[in-house]
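Have a look at the structure below, then the notes.
Values below: every heavy atom of this structure, side chains too, minus hydrogens, waters and symmetry copies. Residues take their numbers from the sequence shown, with the count starting at 1.
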Amino acid sequence: MSILEYNGAAIIAMSGKDCVGIASDNRLGISYQTVAMDFKKIFKMNDNLMVGLAGLATDVQTLDQLLRFRMNLYELREEREMTPAVFTNLLSNMLYEKRFGPYFCEPVIAGLDEKGSPYLSTMDLIGAQAAAKDFVVAGTCEGNLYGMCETLYKPDMEKEELFETLAQALLASVDRDALSGWGGVVHIITKDGIMSRELKGRQD
């Protein structure tokens, strides 16, 4: 088993019409043993930007704290909020700096850019970026997530339809993966703010 799969995770980000959504499961496990059912994997960076971290739980929490510190430093120096593109480059550089002893995390970045358009990006554990216009996924059931997203995704979805699509894709995928699940959470980012809803899933 890869160290990236040790704690289990499932994260999707998907674009809509002037909105973007990001969803994750809630499970924290040690291999096949479930330890907690309320583990946070998606972190709010600012009102237009969220990052999901799939991978080793200790590195997920370490990276969240580091990113928060680097963002606060940027905002103090620049006197403006960080855009998703700048944040992606910052995170990519942070991961690449540690390439010989990497953080075992695969980030998923979702946000709205300066024009209010959806921005999606993901990268591997050493910071190699892969941007997308429709959806990005990460975690232990990546194959399932890709299959569900390709089936359910439509361009220019309104926020309610985007929520429904993310919820169905996530729940159907984690039900076929022993390392992720136990419900989930969906965040929809719009220009008016962030809408968050919890999902109840199978408790096995």
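- Listed here is the closest heavy atom pair of Ala10 and Val174: CB-CG1, 3.6 Å.
- Of the possible donor and acceptor atoms, one in the side chain of Gln203 sits under 3.5 Å from a partner among the backbone N and O of Gly201.
- Enclosure of atom CD in Glu75 by more than 12 non-hydrogen atoms of other residues, nucleotides or ligands within 6.0 angstrom is indicated.
- Sorted by first and then second residue, the pairs that involve residues 112-137 and meet ring-ring contact (aromatic ring centres under 6.0 Å, His included), not counting sequence neighbours, are Phe135-Tyr153.
- Within the 4.5 Å cutoff, side-chain heavy atoms of Met14 are placed close to those of Cys149.
- Connection of Leu162 to Leu112 is not established within any shared hydrophobic cluster, with ILVMFWY side chains joined at heavy-atom distances below 4.5 Å, either directly or through further cluster members.
- Residue pairs meeting the side-chain hydrogen bond (donor to acceptor under 3.5 Å, both in side chains) criterion with at least one member in residues 38-48, sequence neighbours excluded: Asp25-Lys41, Lys44-Asp47.
- Taking hydrophobic clusters as Ile, Leu, Val, Met, Phe, Trp and Tyr residues chained together by side-chain heavy-atom distances below 4.5 Å, Phe39 does not share a cluster with Leu170.
- Smallest separation of non-hydrogen atoms from Ala9 and Ala54: CB-CB, 3.8 Å.
- The two residues Leu28 and Ala57 have their closest heavy-atom pair at CD1-CB, 3.6 Å.
- Summarising the geometry of Leu125 relative to Tyr103, their closest heavy-atom pair is CB-O, 3.5 Å, with the distance given to 0.1 Å.
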Apply the test salt bridge (Lys or Arg N to Asp or Glu O under 4.0 Å) to residues Lys115 and Asp113: give CA-CA distance (whole Å), side-chain angles for both, the deciding distance (0.1 Å), then the verdict. CA-CA 5 Å; Lys115 296 170 188 164; Asp113 64 18; over 6 Å; no
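- Hydrophobic clustering, with ILVMFWY side chains joined whenever heavy atoms are under 4.5 angstrom apart, keeps Leu145 apart from Met148.
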Only distances under 3.5 Å count here; give the side-chain donor-acceptor pairs of residues 177-196 to other protein atoms, sequence neighbours excluded, each with its distance to 0.1 Å.
{"from": "Asp177", "atom 1": "OD1", "to": "Leu179", "atom 2": "N", "distance (Å)": "3.4"}
{"from": "Asp177", "atom 1": "OD2", "to": "Thr140", "atom 2": "OG1", "distance (Å)": "2.8"}
{"from": "Asp177", "atom 1": "OD2", "to": "Ser180", "atom 2": "N", "distance (Å)": "3.4"}
{"from": "Asp177", "atom 1": "OD2", "to": "Ser180", "atom 2": "OG", "distance (Å)": "2.6"}
{"from": "His187", "atom 1": "ND1", "to": "Ser196", "atom 2": "OG", "distance (Å)": "2.6"}
{"from": "Thr190", "atom 1": "OG1", "to": "Asp192", "atom 2": "N", "distance (Å)": "3.3"}
{"from": "Thr190", "atom 1": "OG1", "to": "Gly193", "atom 2": "N", "distance (Å)": "3.4"}
{"from": "Thr190", "atom 1": "OG1", "to": "Gly193", "atom 2": "O", "distance (Å)": "3.1"}

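- Listed by first and then second residue, the salt bridge (charged side-chain N to carboxylate O under 4.0 Å, His left out) pairs involving residues 60-73 are Asp64-Arg68 (not counting sequence neighbours).
- Rounded to the nearest 0.5 angstrom, Met50 CE and Ser24 OG are separated by 9.5 Å.
- Val60 is connected to Leu95 through a chain of hydrophobic side-chain contacts under 4.5 Å among Ile, Leu, Val, Met, Phe, Trp and Tyr, so both are in one cluster.
- Within the model, atoms CG of Leu49 and CZ of Phe43 stand 13.0 Å from one another, a figure rounded to the nearest 0.5 Å.
- Hydrophobic clustering, with ILVMFWY side chains joined whenever heavy atoms are under 4.5 angstrom apart, keeps Val20 apart from Leu91.
- With sequence neighbours left out, Arg77 forms a salt bridge (Lys or Arg N to Asp or Glu O under 4.0 Å) with no residue at all.
- With sequence neighbours excluded, no residue forms a salt bridge (Lys or Arg N to Asp or Glu O under 4.0 Å) with Glu79.
- Distance OG/Ser31 to CG/Asn7: 8.5 Å, rounded to 0.5 Å.
- Between the Asp59 side chain and the Cys105 main chain, no donor and acceptor come within less than 3.5 Å of each other.
- The only member of Thr88, Asn89, Thr122 that meets side chain to side chain donor-acceptor pair (under 3.5 Å) when paired with Gln129 is Asn89.
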